[in-house]
Amino acid sequence: MDTPKDRIVVGVDGSESSKAALRWAMRQAKMEGARVEAVAAWEYPAWSGFPPPVARFDLDEAASRSLDDAIAAAARDVPGCEVTSRVVEGNAARVLIDAAKGAGMLVVGNRGYGGFTEALLGSVSQHCTHHAQCPVVIIRDA
């Protein structure tokens, strides 16, 4: 049976800070003998009125491919760490908080792809620090 220290959850959205968070989580997991659960969340963009004319785009597949690429790149930097991946439709903050229930820690990047570029702490990482039931580590990119 897993104990909380056995699992580190990390949010990965393809941004540089989330990739840095993944590498950090993998190094930490190796030191603790834990496993990493890399989680990517996606949701359809909101719009008002008629939807814009766009070609069909599989957001789940795109998120899965981005997550797989990030894990493969991080595994080259931090070999020998067990990483499982999960792609979930929904609000990123809510998905990460739910995924981190019972985990030893939640690791997120300080800035993702959304919001204002001048903000020091992204809305997802800020929401996680306020609502997660485990310690939250926020990683800046290089």
Side-chain angles (χ1 to χ4, degrees), residues 1-2 4-30 32-142:
M1 179 172 169
D2 284 348
K5 286 278 190 190
D6 290 338
R7 185 169 62 101
I8 297 173
V9 174
V10 58
V12 181
D13 68 358
S15 66
E16 290 307 311
S17 65
S18 76
K19 292 175 185 178
L22 177 59
R23 289 188 303 273
W24 188 93
M26 291 171 68
R27 287 191 297 272
Q28 187 68 25
K30 283 182 71 171
E32 293 183 9
R35 61 187 169 85
V36 172
E37 181 180 347
V39 179
W42 65 272
E43 59 186 341
Y44 288 105
W47 55 70
S48 176
F50 293 103
V54 295
R56 292 198 50 86
F57 185 68
D58 188 342
L59 294 176
D60 190 72
E61 181 199 335
S64 182
R65 189 177 30 228
S66 175
L67 181 58
D68 290 345
D69 290 347
I71 292 170
R76 287 189 291 274
D77 294 336
V78 188
C81 179
E82 178 186 349
V83 180
T84 59
S85 64
R86 205 161 53 125
V87 176
V88 181
E89 179 182 3
N91 172 271
R94 175 58 33 211
V95 166
L96 292 173
I97 289 166
D98 289 346
K101 287 181 181 165
M105 74 177 67
L106 171 61
V107 183
V108 294
N110 70 312
R111 297 273 323 128
Y113 277 126
F116 300 100
T117 57
E118 65 272 5
L120 296 176
L121 187 64
S123 61
V124 171
S125 54
Q126 188 171 40
H127 191 85
C128 289
T129 61
H130 290 287
H131 299 285
Q133 296 176 4
C134 64
V136 177
V137 176
I138 300 172
I139 303 296
R140 295 180 61 97
D141 64 337

Any side-chain heavy atom of [X] within less than 4.5 Å of one from [Y]?
X: Leu106; Y: Val137; answer: no
X: Val39; Y: Val9; answer: yes
X: Glu43; Y: Asn91; answer: yes
X: Met105; Y: Gln28; answer: yes
X: Cys81; Y: Lys30; answer: yes
X: Arg65; Y: Leu67; answer: no

For [X] against [Y], the heavy-atom pair lying closest together:
X: Ala40; Y: Ala63; answer: CB-O, 4.4 Å
X: Ala41; Y: Gly90; answer: CB-O, 3.7 Å
X: Ala70; Y: Val12; answer: CB-CG1, 3.8 Å
X: Val136; Y: Cys128; answer: CG2-O, 3.6 Å
X: Ala21; Y: Gly109; answer: CB-N, 3.8 Å
X: Cys134; Y: Ala103; answer: CB-O, 3.4 Å

Separation of [Y] [atom2] from [X] [atom1] (nearest 0.5 Å):
X: Met26; Y: Ile71; atom1: CE; atom2: CD1; value: 8.0 Å
X: Glu89; Y: Asp60; atom1: CD; atom2: CG; value: 8.0 Å
X: Arg7; Y: Glu32; atom1: CZ; atom2: CD; value: 13.0 Å
X: Leu96; Y: His127; atom1: CG; atom2: NE2; value: 10.0 Å
X: Asn110; Y: Arg140; atom1: CG; atom2: CZ; value: 5.0 Å
X: Asp6; Y: Glu82; atom1: CG; atom2: CD; value: 10.0 Å

Legend entry - Pair Asp13-Ser18, side-chain donor/acceptor within less than 3.5 Å: yes

Legend entry - Salt bridge Asp98-Arg94, side-chain N to carboxylate O under 4.0 Å: yes

Legend entry - Residue from Asp58, Val87, Leu59, Asp69 passing side chain to side chain contact (heavy atoms under 4.5 Å, CB included) with Ser64: Val87

Legend entry - Residue of the set Ile139, Val108, Val107 for which side chain to side chain contact (heavy atoms under 4.5 Å, CB included) holds with Ser125: Val108

